[in-house]
Amino acid sequence: MNIKIKKIIESCLQEIDLEDEVISKTLSSVDFVEVQKTTSESHGDYYSNIAMKLSKFLRKNPETIAKQIKAIILEKKYEQIKNIEVKKPGFINFFIENSARASIVTKIIKSKNIFDGFKSMNPKKIHLEFVSANPTGPLHVGHGRGLIYGKTLCSILRTQGHDVHTEYYVNNIGKQIDILSISVVLSLMNLKKPFNDVDIYNGKYISTIASKLKIKYEDKLIPLKNDLTKKDSFSSFLEYIMVNLDSYLELRNSVIDIIIYEYIKIDLDELDVVFSNWFLESELIKNNFVYNILDKIKDKDLSYLKDGAIWFKSTKYGDDKDRVLVRANGALTYFATDIAYHSIKLKKYDQIINVWGSDHHGYVPRLLNALKGIGYDTTKISIHLIQFANLYRDGEKISMSTRSGEFITLKSLIDEIGSDAINFFYIDKKIEQHLDFDINTALSKDKDNPVYYIQYAHARIEKIKSKIDLNKLDFDNAQLLESKEQALLRLLNSYEDTFRMAINTLQPQMITNYLYKLSQSFHSYYGNIKIIDDEINYSRVSLIIAIQKVLKDGLNLFNINAPEDM
RNA sequence: GCGUCUGUAGCUCAGUUGGAUAGAGCAUUAGCUUCCGAAGCUAAAGGUCAGAAGUUCGAAUCUUCUCAGGCGCUCCA
């Protein structure tokens with residue numbers, strides 16, 4: 001409808017005597033004529049600010065221009081336009097006919113899925129990486145936000161018809177993994193020992209993993225115990241193990257496998273998250289890929305050798321200092337393998353999206369500059385940085401440190417509040433916004449809890465449907481003249497604009513906010529207007545069926561249940 | 001110190017990309033059950049959009065500065 005009005009205005013402008021110069025300056029730009037939904041009923045359904053924009057060029061009062069435009073449009077008598085008003089600075093407000101407004105009801109009811117109209121004109125091959133938590137323990141609540149946001153992006157992008165490949169990047173090598181493995185070793189040897197250079201992991205899962213590996217490794221470790229007791233730094237301990245336990249690498253891989261298959265994947269299953277691929281960081285080294293990339297960097301004169309390490313010249317791009325690619329001990333940094341990983345993605349995909357914690361933000365320019373330096377088009381990469389989420393219970397903030405083992409696992413949170421609440425609350429705020437996640441709210445069964453409130457609207461409508469004969473369904477907009485009905489129709493008419501904006505800008509919270517508003521409007525309607533009275537008003541039934549459909553398809557986009565009874 | 005994100009009602013947050021009188025929920029106050037699910041509805045009250053300057057017909061939104069908070073500034077990942 002707003003496109004129709006836009007066209008009407010455009011054709012109307014032809015009739016105003018604009019100078020050629022003005023025409024070329026204005027009409028040539030596609031979006032010069034703007035038509036938008038009004039925020040208040042008293043301003044009609046749509047408005048345009050065209051008169052204000054033109055006043056600059058015409059050097060005329062915007063209000064007189066607006067009146068001129070109004071007169072021309074009214075003269076032509078468009079059937080869907082009921083009235084036009086000109087307000088204060090020069091707004092032109094359009095009031096459309098009830099029939100035009102109400103047509104959205106049948107349109108929604110007839111549609112298969114309300115998101116069907118959102119297909120992209122040019123579907124892309126998109127690589128979407130999210131979670132990618134280090135396999136050093138089960139997922140905890142701190143991973144939840146990135147996880148849910150990532151999977152929601154996936155749904156949204158697939159709704160648009162993109163070919164989305166989801167990937168979990170597994171950091172299965174590096175210092176943290178050694179710390180983890182040694183933590184298990186210590187548990188296997190029943191050795192409690194603080195190191196002076198690093199904190200070990202000591203969550204309950206460490207001993208669980210140790211018990212699984214006991215039979216295989218205990219005998220091999222016992223002979224080493226005497227010597228190991230004397231090592232009081234982590235590095236010397238690790239070195240001794242690597243020299244004297246020839247199956248250390250095997251043990252390390254077993255630990256990672258257990259964590260991935262018996263913890264992380266189980267947690268992901270609970271939330272119906274399935275990755276297209278699990279990409280192992282070690283694969284980048286196995287086939288020499290990283291070293292080829294390092295050669296490329298060297299060829300571009302972007303790296304140098306100093307103190308036994310290879311450094312990337314990131315100061316050249318404004319970084320505070322240069323950054324290490326290969327450590328003096330020959331080990332690759334995360335930075336080095338990540339450059340390689342992204343170069344693979346860049347070769348195979350049209351667009352790359354990484355969902356990362358905002359604590360990585362300082363790292364982003366470094367990575368992009370390295371990739372740009374060796375000739376890649378980094379505009380294909382977008383990195384979504386997620387701010388931290390804090391959990392609250394009974395008004396108290398719950399701490400979550402992985403290392404101490406005192407964290408709350410994601411699984412225990414799912415068990416407590418259910419996946420619907422998880423799926424909702426983690427995306428209900430803008431990602432740049434710090435998120436306070438209140439467990440009490442998620443558990444409450446009233447208006448305090450938006451998930452419940454939306455689901456309740458859905459269930460209420462279902463209940464009404466169950467009481468009537470749906471074969472008699474009929475729709476006549478003349479039956480919907482109550483102000484609350486008009487408000488609902490206005491809201492339904494805005495779903496396409498809202499959802500399109502949400503989808504194009506990848507902001508799911510715009511959709512959840514809309515669903516909440518729609519539910520609110522419905523509950524108010526329900527509380528004040530009888531739908532089943534002595535006589536059933538089937539137009540009203542049609543209206544609420546349309547509402548229910550929007551609620552259902554909206555909830556389903558986020559993998560949230562739309563219960564028929566609760 | 002440098003970088004980055006944030007600052008909107010007592011609290012938690014929206015705000016359709018620069019539009020008209022800034023909106024919800026919670027909390028507070030006052031109402032509504034012979035009636036489709038009260039898990040709800042109807043009201044009231046609550047604001048210097050952190051502050052200042054600028055851009056323009058028009059700013060919570062854009063620019064600059066100041067203040068406050070989170071995060072980052074490892075040969076960690």
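Proteins come first, then strands; the chains are lettered A, B, ... in the order of their sequence lines, and each starts at number 1.
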| task | Describe the nucleic acid contact of A:Asp565 in one word from base, sugar-phosphate, nothing, applying a heavy-atom distance below 4.0 Å. | result | base

| 5'-most contact on RNA chain B: A:Tyr516 or A:Asn134, nearest heavy atom basis? | A:Tyr516

| Within the structure shown, what part of the strands sits under 4.0 Å from A:Ser444 by heavy-atom distance: base, sugar-phosphate, or nothing? | nothing

| Chi-angle category of B:U61 [syn within 90° of 0, anti beyond] | anti

| request: Would you classify A:Ser524 as touching base, sugar-phosphate or nothing, given that sugar-phosphate means primed atoms plus P, OP1 and OP2, and contacts are heavy atoms under 4.0 Å? | output: sugar-phosphate

| message | By the 4.0 Å heavy-atom rule, please label A:Lys467 as base, sugar-phosphate, or nothing. | response | sugar-phosphate

| request: Write down the distance separating the P atoms in B:C13 and B:U74, rounded off to the nearest Å. | output: 30 Å

| field | A:His43-B:A20 aromatic stacking (under 5.5 Å, under 30°) | value | yes

| said: Just N and O in the side chain of A:Arg460: are any of them under 4.0 Å from OP1 or OP2 of B:A38? | reply: yes

| request: Would you classify A:Asp307 as touching base, sugar-phosphate or nothing, given that sugar-phosphate means primed atoms plus P, OP1 and OP2, and contacts are heavy atoms under 4.0 Å? | output: base

| said: Any base atoms under 4.0 Å from A:Tyr47, or only sugar-phosphate, or nothing? Heavy atoms, all strands. | reply: base

| Taking the P atom of each, how far is B:A24 from B:A45, in whole Å? | 13 Å

| message | Which label fits A:Phe130 and A:Phe275: parallel for a plane angle under 30°, tilted from 30 to 60°, or perpendicular past 60°? | response | tilted

| Can you find a donor-acceptor N/O pair under 3.5 angstrom joining the side chain of A:Asp359 to the base of B:G72? | no

| task | Determine which nucleotide pairs with B:C36, using a 3.5 Å limit on both distances of a Watson-Crick or G-U wobble pair. | result | none

| Considering only side-chain heavy atoms of A:Arg323, which listed nucleotide, B:U74, B:A20, B:C41, is closest? | B:U74

| For A:Ile431, which contact category applies under a 4.0 Å heavy-atom criterion: base, sugar-phosphate, or nothing? | nothing

| said: At less than 4.0 Å, is any side-chain N or O atom of A:Arg327 found next to OP1 or OP2 of B:U74? Yes or no. | reply: no

| Is there a side chain to side chain contact (heavy atoms under 4.5 Å, CB included) between A:His458 and A:Lys552 once you walk through the steps? | CA-CA 7 Å; A:His458 184 272; A:Lys552 183 178 184 177; 3.7 Å; yes

| message | Parallel, tilted or perpendicular, judged at 30° and 60°: which one describes the rings of A:Phe91 and A:Tyr47? | response | perpendicular

| field | Base paired to B:U42 (Watson-Crick or G-U; both N/O distances under 3.5 angstrom) | value | B:A30

| request: Determine the interatomic distance between C1' on B:A43 and the same-named atom on B:C5; round to the nearest Å. | output: 39 Å

| task | Give the nucleotide from the list B:C36, B:C5, B:C75 with an atom nearest to the side chain of A:Val324. | result | B:C75

| task | Would you classify A:Thr505 as touching base, sugar-phosphate or nothing, given that sugar-phosphate means primed atoms plus P, OP1 and OP2, and contacts are heavy atoms under 4.0 Å? | result | base

| message | Heavy atoms from C-beta onward define the side chain here; which of B:U42, B:G19, B:A77 lies closest to that of A:Arg366? | response | B:A77

| task | Establish, with yes or no, whether the OP1 or OP2 oxygen of B:A14 is under 4.0 angstrom from a side-chain nitrogen or oxygen of A:Gln433. | result | yes

| request: In whole angstrom, give the distance that lies between atom CG of A:Asn49 and atom C1' of B:G18. | output: 9 Å

| message | Can you tell me the base-pairing partner of B:A14? Count Watson-Crick or G-U wobble geometry only, both distances below 3.5 Å, and say none if there is no partner. | response | none

| request: Sticking with atom P, work out how far B:A59 lies from B:G18, rounded to a whole angstrom. | output: 13 Å

| request: Would you mind classifying the nucleic acid contact of A:Lys465 as base, sugar-phosphate or nothing, using non-hydrogen atoms under 4.0 angstrom? | output: nothing

| message | Please pick, from B:C26, B:C71, B:A77, the nucleotide with the shortest atom-to-atom distance to any side-chain atom of A:Asp448. | response | B:C26

| said: If I pick the P atom on B:G23 and the same atom on B:G47, what distance separates them, to the nearest angstrom? | reply: 14 Å

| task | Fit a plane to each ring of A:Tyr363 and A:Phe335, take the angle between them on a 0 to 90° scale, and name the class: parallel (under 30°), tilted (30 to 60°) or perpendicular (over 60°). | result | perpendicular

| said: Is there a side chain to side chain contact (heavy atoms under 4.5 Å, CB included) between A:Leu543 and A:Leu489? Walk through the geometry before answering. | reply: CA-CA 8 Å; A:Leu543 173 63; A:Leu489 288 172; 3.9 Å; yes

| message | Using a heavy-atom cut-off of 4.0 Å across all strands, would you classify A:Lys517 as base, sugar-phosphate, or nothing? | response | nothing

| query | Under 4.0 angstrom, heavy atoms only, what part of the nucleic acid is A:Asp497 near: base, sugar-phosphate, or nothing? | reply | nothing

| note | As its Watson-Crick or G-U partner within any shown strand, both distances under 3.5 Å, B:A60 has none

| message | Classify the ring geometry of A:Phe437 against A:Tyr426: parallel below 30°, tilted from 30° to 60°, perpendicular beyond 60°. | response | perpendicular

| Spacing of A:Asn171 atom CG relative to B:A77 atom C1', expressed in whole Å | 6 Å

| request: Kindly say whether, by distance alone, the side chain of A:Asp338 makes a donor-acceptor pair under 3.5 Å with the base of B:A77? | output: no

| query | Is A:Glu462 touching bases, backbone alone, or none of the nucleic acid, heavy atoms closer than 4.0 Å? | reply | nothing

| For A:Tyr456 and B:C41, what is the distance between atoms OH and C1' respectively, to the nearest whole Å? | 10 Å

| Who does B:G72 pair with, Watson-Crick or G-U, both distances under 3.5 Å? | B:C2

| Is any side-chain N or O of A:Lys430 closer than 4.0 Å to OP1 or OP2 of B:U16? | no

| Does A:Glu432 or A:Asn528 map to a spot on RNA chain B nearer the 5' end, using the closest nucleotide for each? | A:Glu432

| said: Can you classify the ring geometry of A:Tyr495 versus A:Phe499 as parallel (below 30°), tilted (30 to 60°) or perpendicular (above 60°)? | reply: perpendicular

| field | Stacking of A:Phe91 on B:G19 base (centres under 5.5 Å, planes under 30°) | value | no

| task | Assign A:Lys53 to base, sugar-phosphate, or nothing according to its heavy-atom contacts below 4.0 angstrom with the strands shown. | result | nothing

| Hey, does the side chain of A:Ser48 reach the backbone of A:Glu34 with a donor-acceptor pair shorter than 3.5 angstrom? | yes

| The side chain of A:His361 lies closest to which of these nucleotides: B:U4, B:C5, B:C36? | B:U4

| B:A50 to B:A68 separation - P atoms, rounded to the nearest Å | 16 Å

| request: Between B:C62 and B:A27, how far apart are the P atoms? Round to whole Å, please. | output: 33 Å

| So A:Tyr525 and A:Phe522, would you call those rings parallel, tilted or perpendicular, with 30° and 60° as cut-offs? | perpendicular

| Taking the same atom, C1', in B:A20 and in B:G58, what whole-Å distance lies between them? | 9 Å

| Any A:Tyr514 side-chain N or O less than 4.0 Å from OP1/OP2 of B:G23 | no

| task | Indicate the ring-plane relationship of A:Phe279 and A:Tyr169, choosing parallel, tilted or perpendicular according to the 30° and 60° boundaries. | result | tilted

| message | Base, sugar-phosphate or nothing for A:Gln520? Non-hydrogen atoms, less than 4.0 Å. | response | sugar-phosphate

| request: Output yes when at least one side-chain N/O atom of A:Lys321 is less than 4.0 Å from OP1 or OP2 of B:G3, else no. | output: no

| request: Return no unless some side-chain N or O of A:Lys447 is found under 4.0 Å from OP1 or OP2 of B:G25. | output: yes

